[in-house]
Engineer: 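For reference, the structure I am asking about is given below.
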Amino acid sequence: MTEQADALHRRVLEWYAREQRDLPWRRPDASPWGVLVSEVMLQQTPVVRVLPVWQEWLTRWPTPADLAAEAPGEAVRAWGRLGYPRRALRLHAAGTAIAERHGGRVPGTVAELRELPGVGEYTAAAVAAFAFGRRVAVVDTNVRRVEARLVTGVQHAAPSLTTAERQVAESLLPQSDSDAKVWNVAVMELGALVCTARAPRCSDCPVESSCAWVANGRPAYVGPARRGQAWAGTDRQVRGRLLQVLRESDGPVPHDRLREVWDDEVQRERCLDGLVADGLVEPVGEAEFSLPRAGRAR
DNA sequence: AAGCCGTGGCT
DNA sequence: TAGCCAAGGCT
């Protein structure tokens with residue numbers, strides 16, 4: 001470890017010790033299950049929206065087996081308006097897998113975690129690092145942005161995680177397990193609070209003096225236009241409306257009530273079929289629908 | 001391997 | 001205001 005890297009680590013770790021947010025899944029008493037639930041909820045969803053739902057979930061389902069014992073539809077209902085509700089279904093399936101294959105305990109290796117539904121490269125690394133103290137690089141959108149600026153000297157990271165980014169992240173990981181664990185969360189926090197996507201607060205940054213992007217004069221992004229996601233009129237909007245009706249209803253809902261949320265019949269029925277195919281909705285009898293009430297083989 | 005999958009706050 | 005963006009995963 002060079003002195004330069006050592007100084008970088010020290011500055012970031014000291015900054016984190018001073019500025020970190022008090023989040024419940026970071027506390028020492030947070031269980032691996034609590035960490036896993038938080039990581040899945042935080043996929044593409046801001047911390048402030050996750051906080052109350054995470055509290056409710058962990059109170060109601062303190063262990064994976066508690067969630068597995070429920071109908072999957074209850075997970076979808078308790079998901080509320082976090083978005084991407086398939087994550088609720090996957091978390092339920094993960095709880096079931098943990099109960100059945102791992103004796104009810106969240107597995108602690110990246111390889112085992114990756115086998116769980118809804119757990120990809122990022123989430124597996126995050127749970128292994130934060131819940132089990134493993135020395136693995138945790139590379140989320142915050143880390144990618146911080147390292148794109150700090151090391152590569154560009155404003156934005158690539159559209160998706162590259163091999164080069166993995167290598168950079170691993171090369172920056174401190175040698176000791178204890179420092180590595182804090183480093184991962186500290187870089188994420190730096191990206192969330194200081195090295196933000198839109199208006200980075202470089203004057204508050206502990207490593208501004210070593211930042212390649214700052215040294216370059218903070219050049220604006222150059223390259224092909226970055227693609228946003230359409231929303232109005234898309235299937236996602238229709239699916240969201242259909243599911244909202246079902247979430248807010250106690251029992252099965254008549255098909256007629258679902259017709260009210262979207263006029264275009266072709267699109268509406270396609271979306272309803274899609275929700276059923278995804279396991280988010282279950283047909284009941286001839287003309288009713290509900291959230292999924294039983295386990296489902298998929 | 002691009003495109004799809006929710007939701008809401010911010011600029 | 002209309003994008004942009006938020007601790008991604010899956011196909």
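Just so we're on the same page: letters track the sequence lines, and every chain starts at 1. The structure displayed is predicted, hence computed values, not measured ones.
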Engineer: Give the stems involving DNA chain C, where a stem is 3 or more consecutive Watson-Crick or G-U wobble pairs (i with j, i+1 with j-1, and so on) under 3.5 Å.
Structural biologist: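 Stem segments, range with range: B:2-5 with C:8-11, B:7-11 with C:2-6.
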Engineer: May I have the distance from A:E39 (atom CD) to C:dG8 (atom P), rounded to whole angstrom?
Structural biologist: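 Roughly 9 Å, once rounded to whole Å.
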Engineer: If I compare all heavy atoms of A:V238 with all of A:R268, which pair ends up nearest, and what's the gap?
Structural biologist: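 Result for this residue pair: CG1-CA, 4.2 Å.
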Engineer: Please give me the minimum heavy-atom distance between A:P174 and A:A180, naming the atom from each residue.
Structural biologist: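 Closest approach of A:P174 to A:A180: O-CB, 3.7 Å.
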Engineer: Supply the members, apart from A:V266, of the Ile/Leu/Val/Met/Phe/Trp/Tyr cluster built from side-chain contacts under 4.5 Å; use none for a lone residue.
Structural biologist: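 Members other than A:V266 - counting any ILVMFWY side chain reachable under 4.5 Å - there are none.
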Engineer: Can you name the ring pair (Phe, Tyr, Trp, His ring centres under 6.0 Å) partners of A:W213, sequence neighbours left out?
Structural biologist: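 None.
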Engineer: In whole angstrom, give the distance that lies between atom OH of A:Y221 and atom P of C:dC4.
Structural biologist: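 My rounded result for the distance is 12 Å.
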Engineer: Could you check if a side-chain atom of A:W15 sits within less than 4.5 angstrom of a side-chain atom of A:Q20, using non-hydrogen atoms only?
Structural biologist: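 Answer no - side chains too far apart.
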Engineer: Where along residues 253-263 of chain A does a heavy atom fall under 4.0 Å from DNA chain C?
Structural biologist: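 The answer is none.
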Engineer: Within a reach of under 6.0 Å around CD of A:Q4, are more than 12 heavy atoms found that belong to other residues, nucleotides or ligands?
Structural biologist: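 Not buried by this count: 12 neighbours or fewer within 6.0 Å.
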Engineer: Considering non-hydrogen atoms only, spot the tightest contact between A:E74 and A:W61 and give its length.
Structural biologist: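 Residues A:E74 and A:W61, closest heavy atoms: O-CH2, 3.7 Å.
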Engineer: Rounded to the nearest Å, what distance is computed from the CH2 atom of residue A:W79 to the C1' atom of nucleotide B:dG6?
Structural biologist: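 After rounding, the gap between these two atoms is 11 Å.
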Engineer: For DNA chain B, which residues in residues 113-138 of chain A have a heavy atom at a distance below 4.0 Å?
Structural biologist: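 Going residue by residue through residues 113-138 of chain A, none turns out to have a heavy atom under 4.0 Å of DNA chain B.
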Engineer: Listed by chain and number, what are the side chain to side chain contact (heavy atoms under 4.5 Å, CB included) partners of A:A128, not counting sequence neighbours?
Structural biologist: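 Counting only residues at least two positions away or on another chain, A:A128 forms a side chain to side chain contact (heavy atoms under 4.5 Å, CB included) with A:V110, A:L113, A:R134, A:V136.
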Engineer: Using a 6.0 Å cut-off, check whether atom CZ of A:R227 has over 12 heavy atoms from anything other than its own residue.
Structural biologist: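 Count not over threshold, so no.
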Engineer: Out of C:dA7, B:dG6, C:dA6, which nucleotide sits closest to the side chain of A:W231?
Structural biologist: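 Nearest to the side chain of A:W231 among the choices is B:dG6.
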Engineer: If I pick the P atom on C:dA7 and the same atom on B:dT11, what distance separates them, to the nearest angstrom?
Structural biologist: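 Result for the P pair: 15 Å, nearest Å.
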Engineer: Could you tell me whether A:R114 and A:E121 make a salt bridge, using a distance below 4.0 angstrom between a side-chain N and a carboxylate O?
Structural biologist: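 A salt bridge is absent here (no side-chain N lies under 4.0 Å from a carboxylate O).
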Engineer: So, for A:P200 and A:R149, which heavy atoms are closest and what is the spacing to 0.1 Å?
Structural biologist: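 What the structure gives for the nearest pair is CB-NH1, 3.7 Å.
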Engineer: Can you tell me if the side-chain N/O atoms of A:Q43 get under 4.0 Å from OP1 or OP2 in C:dG8?
Structural biologist: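 Answer no for this pair, as no side-chain N or O of A:Q43 is under 4.0 Å from OP1 or OP2.
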Engineer: To the nearest angstrom, how far is A:Q229 atom CD from B:dA2 atom P?
Structural biologist: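 Rounded to whole Å, this separation is 15 Å.
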Engineer: For the pair A:R218 and A:C202, evaluate side-chain contact (heavy atoms from CB on, under 4.5 Å) and give the outcome as yes or no after the intermediate values.
Structural biologist: CA-CA 10 Å; A:R218 298 176 48 157; A:C202 297; 3.2 Å; yes
Engineer: So which heavy atom on A:V35 is nearest to which on A:W25, and how close?
Structural biologist: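 A:V35 and A:W25 have their closest heavy atoms at CG2-O, 3.9 Å.
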Engineer: Please state the P separation for the pair B:dC5 and C:dA2 - nearest whole angstrom.
Structural biologist: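 That atom pair is separated by 23 Å.
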Engineer: Quick one: side chains of residues 98-109 of chain A, donor-acceptor pairs under 3.5 Å with protein atoms, not counting sequence neighbours, listed by atom name and distance.
Structural biologist:
unit_1, atom_1, unit_2, atom_2, d
A:T109, OG1, A:E112, N, 3.1
A:T109, OG1, A:E112, OE1, 2.9

Engineer: Using a 4.5 Å cut-off on heavy atoms from C-beta on, say whether the side chain of A:Q229 contacts that of A:T234.
Structural biologist: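 Contact flag for A:T234/A:Q229 side chains = no.
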Engineer: What pairs of nitrogen or oxygen atoms, one from the protein and one from nucleotides 9-11 of chain B, lie under 3.5 Å apart?
Structural biologist:
unit_1, atom_1, unit_2, atom_2, d
B:dG9, N2, A:R198, NH2, 3.3

Engineer: What are the residues of residues 140-166 of chain A, sorted by number, that bring a heavy atom to within less than 4.0 Å of DNA chain C?
Structural biologist: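 Output list: A:D140, A:T141, A:N142, A:R145.
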Engineer: Starting from the C-alpha separation in whole Å, work towards a yes-or-no answer on side chain to side chain donor-acceptor pair (under 3.5 Å) for A:S203 and A:E208.
Structural biologist: CA-CA 7 Å; A:S203 61; A:E208 183 189 13; over 6 Å; no
Engineer: Are A:R259 and A:D256 within salt-bridge range, i.e. N to O under 4.0 Å?
Structural biologist: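 Counted as a salt bridge, because a side-chain N and a carboxylate O are separated by less than 4.0 Å.
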Engineer: I need the residues from residues 236-251 of chain A with at least one non-hydrogen atom less than 4.0 Å from DNA chain B; give them sorted by number, or say none.
Structural biologist: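 Here the set is A:R236, A:R239, A:G240, A:R247.
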Engineer: Considering only heavy atoms from C-beta outward, does the side chain of A:V76 approach that of A:H92 to under 4.5 Å?
Structural biologist: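 The answer is no, as the side chains (C-beta and beyond) never meet within the 4.5 Å cut-off.
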Engineer: Begin from the C-alpha positions of A:R145 and A:H156 and carry the test side chain to side chain donor-acceptor pair (under 3.5 Å) through to its verdict.
Structural biologist: CA-CA 6 Å; A:R145 186 177 55 250; A:H156 298 299; over 6 Å; no
Engineer: What integer distance in Å separates A:L36:CG from C:dG9:C1'?
Structural biologist: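 A:L36 atom CG is separated from C:dG9 atom C1' by 13 Å.
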Engineer: Which of these nucleotides, C:dA6, B:dG6, B:dC5, is closest to any side-chain atom of A:R86?
Structural biologist: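 Side chain of A:R86 sits closest to B:dC5.
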Engineer: If you take all heavy atoms of A:P72 and A:A294, which pair is closest and at what distance?
Structural biologist: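 The answer is CG-O, 3.3 Å.
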Engineer: Tell me, which of residues 11-33 of chain A have any heavy atom that sits under 4.0 Å from an atom in DNA chain C?
Structural biologist: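 Correct list: A:R21, A:L23, A:W25, A:R26.
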Engineer: Quick one: salt bridge (charged side-chain N to carboxylate O under 4.0 Å, His left out) pairs with a partner in residues 169-183 of chain A, sequence neighbours left out?
Structural biologist: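 Salt bridge (charged side-chain N to carboxylate O under 4.0 Å, His left out) check on residues 169-183 of chain A returns no pairs.
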Engineer: Between B:dA2 atom P and A:R226 atom CZ, what is the distance in whole Å?
Structural biologist: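 The distance from CZ of A:R226 to P of B:dA2 comes to 17 Å, rounded to the nearest Å.
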Engineer: How close or far is atom C1' of C:dG8 from atom CG of A:L82, stated in whole angstroms?
Structural biologist: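 My rounded result for the distance is 14 Å.
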Engineer: Side chains of A:T63 and A:D66: does their closest heavy-atom pair fall under 4.5 Å?
Structural biologist: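 Yes, close enough: below the 4.5 Å cut-off.
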Engineer: Atom CZ of A:R227 to atom P of B:dA1: distance rounded to whole Å?
Structural biologist: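 Rounded to whole Å, this separation is 18 Å.
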Engineer: What's the gap between B:dG3 and C:dC4 when it is taken at their P atoms, as a whole Å value?
Structural biologist: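 Those two atoms are separated by 16 Å.
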